[in-house]
Protein chains: 2
Amino acid sequence: MGISNFPMITSLRTTLKEHGLKDTQPRRFVLQALEKLKKPASPYDIQKWVDAKGGSINAVTVYRIIETFMRIGLVHRHPCDGHFSLCSMPHKKGHHGFLHCTSCGKTQEFHDEQLCKAEERVARTLKFRSSTHVSEILGTCAACAA
Amino acid sequence: MGISNFPMITSLRTTLKEHGLKDTQPRRFVLQALEKLKKPASPYDIQKWVDAKGGSINAVTVYRIIETFMRIGLVHRHPCDGHFSLCSMPHKKGHHGFLHCTSCGKTQEFHDEQLCKAEERVARTLKFRSSTHVSEILGTCAACAA
DNA sequence: ACTGTAAATGCAATATTATTGCTTTTACAA
DNA sequence: TTGTAAAAGCAATAATATTGCATTTACAGT
Ligand SMILES: [Mn+2]
Ligand SMILES: [Mn+2]
Ligand SMILES: [Zn+2]
Ligand SMILES: [Zn+2]
């Protein structure tokens with residue numbers, strides 16, 4: 001169990017079976033898109049990627065697949081209260097860090113243990129049982145600054 | 001300068017003048033709404049608040065006012081790549097922390113210096129010039145857990 | 001292999017959120 | 001008081017998200 005054996009599209013079938021879910025082409029498409037895009041993507045981004053590859057997928061289906069994948073921990077959805085916005089494949093379950101360059105639009109993922117610990121401590125202090133935490137840092141990337 | 005003298009609606013006029021902007025009723029409405037709501041709100045949330053108070057404001061105007069307010073540092077917009085989503089008044093310029101209860105929907109703001117420092121360190125390490133950072137922690141609040 | 005069935009997808013309609021261009025109104029400097 | 005640029009309103013449209021229902025499909029059981 002867990003997602004540490006990802007991203008390997010070949011194990012998708014296994015993971016789906018573990019959760020009693022069917023192995024379908026749309027689901028394979030969505031996972032591939034998220035793997036290849038390598039950055040947070042919207043449902044429509046995913047649809048475009050599939051189209052570009054000569055495939056086809058309904059946007060509603062993408063929304064539903066993402067919901068399913070979130071439920072089984074395959075993808076992470078950026079928490080923007082009531083908006084779908086973006087999702088991506090987490091390096092590690094339950095937390096995420098992003099650096100987003102407002103100049104070129106590129107997003108880079110990071111993971112920092114101290115930052116994780118700090119977020120967990122904050123939750124604990126405020127009697128909050130946290131399931132996920134996300135850090136987003138906005139600014140200018142090295143390439144754009146130069 | 002700075003936003004430390006907020007939230008005081010009376011100083012809005014001054015701040016606007018400092019930036020060569022006009023003191024208008026819609027702008028006062030938006031600031032009041034954000035102050036009173038005390039949590040991240042969408043443009044339509046703000047419009048509803050104004051309506052509920054017997055006032056009236058066009059949604060497009062709310063969007064534009066929020067853009068203006070962001071530019072002069074009066075409000076913070078949660079960074080959700082390409083989506084407006086939510087904005088709120090920052091306790092301190094340039095950073096934000098939120099605990100969002102997925103059960104009751106309440107959002108509580110926090111500020112943690114260590115977490116701030118950790119985010120700044122991550123940016124520095126990755127040669128990233130950060131302007132803003134946001135932490136969102138999702139889970140269950142004390143009230144809902146009980 | 002075939003078949004029945006629940007699950008998944010597609011499709012259509014609708015709701016919500018966000019943007020754009022243009023007209024009208026308004027703040028405020030002169 | 002008045003002229004003018006800025007701001008707000010209005011209308012149209014685009015983009016994003018959800019819902020209900022019809023159709024297709026994966027796959028378990030035979
Ligand atoms: Mn973490
Ligand atoms: Mn900070
Ligand atoms: Zn960049
Ligand atoms: Zn709660």
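Hydrogens, waters and symmetry mates are skipped; everything else that's a heavy atom, side chains included, is used. Throughout, protein chains are lettered first and strands after them, A, B, ... in sequence-line order, and every chain is numbered starting at 1.
Mapping A:N58 and B:Q25 onto DNA chain C by nearest heavy atom places A:N58 closer to the 5' end of the strand. For the pair B:V60 and B:G20, both in contact range of DNA chain D, the more 5′-proximal nearest nucleotide belongs to B:G20. Position along DNA chain C of the nearest nucleotide to B:A59 versus B:T24 favours B:A59 as the more 5'-ward residue.
If you measure from atom CZ of B:R71 to atom P of D:dA7, you get 8 Å, rounded to the nearest angstrom. Computed from coordinates, the B:K17 NZ to D:dA6 P distance equals 16 Å when rounded to whole Å. Between the CG atom of B:L16 and the P atom of C:dT26 there is a distance of 18 Å, given to the nearest Å. The interatomic distance linking B:D45 (CG) with C:dT17 (P) rounds to 8 Å, in whole Å. Protein atom CZ of B:R64 is 15 Å distant from nucleotide atom C1' of D:dA5, rounded to whole Å. When rounded to the nearest whole Å, the span between CG of A:L21 and C1' of D:dA26 equals 12 Å. For A:I66 and D:dT18, the CD1 to P distance is 10 Å, given to the nearest whole Å. When rounded to the nearest whole Å, the span between CZ of B:R27 and P of D:dA6 equals 11 Å.
The shortest distance between side-chain heavy atoms of A:I65 and A:T61 falls below 4.5 Å.
Distances from the side chain of A:K22 to the nucleotides C:dT17, D:dA26, D:dT18 place D:dA26 closest. For B:R13, the side-chain atoms get nearest to C:dC28 when compared with the rest of D:dC27, C:dG10, C:dC28.
Judged by distance alone, the side chains of B:E119 and A:S135 do bring a donor and an acceptor atom under 3.5 Å apart.
Ion pairing between A:E113 and A:K117 holds under the 4.0 Å rule for side-chain N and carboxylate O. Using a 4.0 Å cut-off between a side-chain N of Lys or Arg and a carboxylate O of Asp or Glu, B:R28 and B:D23 qualify as a salt bridge.
Side-chain to base pairing of A:Y44 with D:dA17: one donor and one acceptor N or O lie within less than 3.5 Å of each other.
Atom CD1 of B:I66 is separated from atom CD1 of B:I46 by 4.0 Å, given to the nearest 0.5 angstrom.
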